[in-house]
Amino acid sequence: MSHQTKKSLGQHFLSDPAMIEKIVRAIDPRPGDRLVEIGPGAGAITRPLLQRHRALTVIEFDRDLIEPLTALGAELGAELSIVHADVLTVDFTALAATSPIRLVGNLPYNISSPILFHALEHLAVIRDMHFMLQKEVVDRMAAAPGSKVYGRLSVMLQARCRVTPLFKVPPGCFRPPPKVDSAVVRLEPRDPSEVGLVQPRRFEQVVRAAFSQRRKTLRNALSTVCTPEQIEAVGMDPGARAEVVAVSEYVALANALGA
């Protein structure tokens, strides 16, 4: 299934058979799994997943890909359900219906963060996620406090998921080759009781404000959200900067501030 890539959609199609096999092995589909692929593109991962698993739902925005994908399902005699939509408008909870879904996909570079945040809204129905993204995005997702790239994305994801970078995917594995390295990452939703996040909206607000001006101390960055005394009350230093504060401390502060 050959297809012209579209720059506007940030498309780079995976074409290296060994790497494709490695990704499918990492996903490791089991009988009964509900697999949902975001942005199947030219079907590089779709085909081996269907061959192995026989059933798959794909979410594809590019109208020109719908017909080739339909043909692929027919060719393999597999159950391929196609949702023609912008993934950010897809209600994963409705899609899951009765059983949790496993999300997979080579996420378009230009909207990878919005897709991750969209998935966070539906974590209750997601069993796990295997995504390929720009390596620098994966580095940010998995970064620890004190790291240069630890930021809003790191905190928002790690508060709700275990983030495990799996392996690097060099540019030569794609057509056309992107100018950057990619990487595959696994996200596993954490048990809400383990996370202890009581105020998700407040948490989002605190984290966004904390990292909005990285060079500022928490006292200044959070001045619209809380007082220095409230920061101290949960054992945090108002003179610290956002990038040295642990995820659990942001959770504690948001919970203390309440709704």
Side-chain angles (χ1 to χ4, degrees), residues 10 87-88 107-123 126 129 131-165 168 178-259:
V87 63
L88 298 178
L107 300 190
Y109 289 172
N110 46 3
I111 59 161
S112 54
S113 291
I115 292 173
L116 292 167
F117 285 122
H118 181 57
L120 285 183
E121 298 282 322
H122 297 271
L123 272 193
I126 295 172
M129 302 175 253
F131 291 140
M132 181 158 58
L133 306 115
Q134 267 174 287
K135 183 179 179 295
E136 59 106 0
V137 177
V138 172
D139 291 344
R140 276 167 43 209
M141 290 163 69
S147 150
K148 270 194 189 61
V149 294
Y150 178 75
R152 176 174 170 243
L153 189 65
S154 331
V155 176
M156 293 301 293
L157 289 174
Q158 292 172 34
R160 315 284 299 282
C161 299
R162 271 182 297 282
V163 181
T164 314
K168 204 166 82 169
K179 292 185 173 57
V180 294
D181 279 327
S182 302
V184 173
V185 64
R186 176 182 292 138
L187 296 162
E188 298 166 285
R190 293 169 57 189
D191 186 318
S193 63
E194 170 204 343
V195 178
L197 183 55
V198 188
Q199 302 288 348
R201 289 285 167 261
R202 176 66 80 171
F203 175 71
E204 200 174 315
Q205 185 192 14
V206 166
V207 175
R208 188 188 292 272
F211 286 100
S212 61
Q213 294 153 308
R214 290 181 75 100
R215 284 175 300 284
K216 285 193 169 181
T217 60
L218 291 176
R219 175 187 289 106
N220 293 334
L222 293 177
S223 60
T224 58
V225 184
C226 59
T227 66
E229 291 71 31
Q230 287 173 309
I231 297 172
E232 278 173 348
V234 293
M236 285 162 71
D237 171 12
R241 290 191 174 153
E243 65 261 29
V244 301
V245 177
V247 174
S248 57
E249 295 181 289
Y250 283 114
V251 171
L253 180 58
N255 288 347
L257 294 176

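Computed from a prediction, not measured in an experiment: that's the story for all the values here.
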Q: Considering residues at least two apart in sequence or located in another chain, which fulfil the ring pair (Phe, Tyr, Trp, His ring centres under 6.0 Å) criterion with Y250?
A: F211

Q: Any non-hydrogen side-chain atom of F203 less than 4.5 Å from a side-chain atom of V198?
A: no

Q: Rounded to the nearest 0.5 Å, what's the gap from OG on S248 to CG on L197? Could you check?
A: 12.0 Å

Q: Taking Q158 for the side chain and A143 for the main chain, is one N or O donor matched with an acceptor at less than 3.5 Å?
A: yes

Q: Which heavy atom of Y150 sits nearest a heavy atom of V245, and at what distance?
A: OH-O, 2.6 Å

Q: How about V137 and V185: do any of their side-chain heavy atoms sit closer than 4.5 Å?
A: no

Q: So, R202 and Q205: side-chain donor and acceptor under 3.5 Å apart, yes or no?
A: yes

Q: Specify the closest pair of heavy atoms between E249 and G235, including all atoms of both residues, with the distance to one decimal.
A: OE2-O, 4.2 Å

Q: Which pair of non-hydrogen atoms, one from V234 and one from A252, has the smallest distance, and what is that distance?
A: CG1-O, 3.9 Å

Q: Please report the C-alpha distance between I115 and L88 in whole Å, then the side-chain angles of each, then the deciding distance to 0.1 Å, and finally whether the side chain to side chain contact (heavy atoms under 4.5 Å, CB included) criterion is met.
A: CA-CA 6 Å; I115 292 173; L88 298 178; 4.0 Å; yes

Q: For a side chain to side chain contact (heavy atoms under 4.5 Å, CB included) check, start with the C-alpha distance between M141 and L187, then their side-chain angles and the critical distance, and finish with the verdict.
A: CA-CA 10 Å; M141 290 163 69; L187 296 162; 3.9 Å; yes

Q: Going by the rule side chain to side chain donor-acceptor pair (under 3.5 Å), which residues pair with T224 if we only count those two or more places apart in sequence or in a different chain?
A: none

Q: So do R152 and S113 actually touch side chain to side chain, heavy atoms under 4.5 Å?
A: no

Q: List the steps, then state whether salt bridge (Lys or Arg N to Asp or Glu O under 4.0 Å) holds for K168 with E136.
A: CA-CA 11 Å; K168 204 166 82 169; E136 59 106 0; over 6 Å; no

Q: Go through L116 and L133 one step at a time and tell me if the side chain to side chain contact (heavy atoms under 4.5 Å, CB included) criterion holds.
A: CA-CA 11 Å; L116 292 167; L133 306 115; 4.3 Å; yes

Q: Where the side chain of D181 meets the backbone of K135, is there a donor-acceptor pair that is under 3.5 Å apart?
A: no

Q: So which atom in A119 and which in I126 form the shortest heavy-atom distance, rounded to 0.1 Å?
A: O-CD1, 3.5 Å

Q: What heavy-atom pair brings L120 and C161 nearest, and what distance separates the two atoms?
A: CD2-SG, 4.2 Å

Q: Does R186 have any side chain to side chain donor-acceptor pair (under 3.5 Å) partners at least two apart in sequence or in another chain, and if so, which?
A: H130

Q: Give the C-alpha distance, both sets of side-chain angles, the deciding distance and a yes or no for side chain to side chain contact (heavy atoms under 4.5 Å, CB included) between L123 and M129.
A: CA-CA 10 Å; L123 272 193; M129 302 175 253; 3.6 Å; yes

Q: List in chain and number order the residues that pass side chain to side chain donor-acceptor pair (under 3.5 Å) with Q134, two or more places apart in sequence or in another chain; answer none if no residue qualifies.
A: none

Q: Give me the atom names and distance for the closest heavy-atom approach of V195 to R160.
A: CG2-CA, 4.5 Å

Q: Checking D139 side chain against V149 main chain: does a donor-acceptor pair fall under 3.5 Å?
A: no

Q: Do you know which of V155, L222, V251 makes side chain to side chain contact (heavy atoms under 4.5 Å, CB included) with V206?
A: L222

Q: Partners of S154 by side chain to side chain donor-acceptor pair (under 3.5 Å), sequence neighbours excluded?
A: none

Q: Show me the side-chain donor-acceptor pairs of residues 236-244 shorter than 3.5 Å, one per line, residues at least two apart or across chains.
A:
{"from": "D237", "atom 1": "OD1", "to": "G239", "atom 2": "N", "distance (Å)": "2.7"}
{"from": "R241", "atom 1": "NE", "to": "R215", "atom 2": "O", "distance (Å)": "2.9"}
{"from": "R241", "atom 1": "NH2", "to": "R215", "atom 2": "O", "distance (Å)": "3.4"}

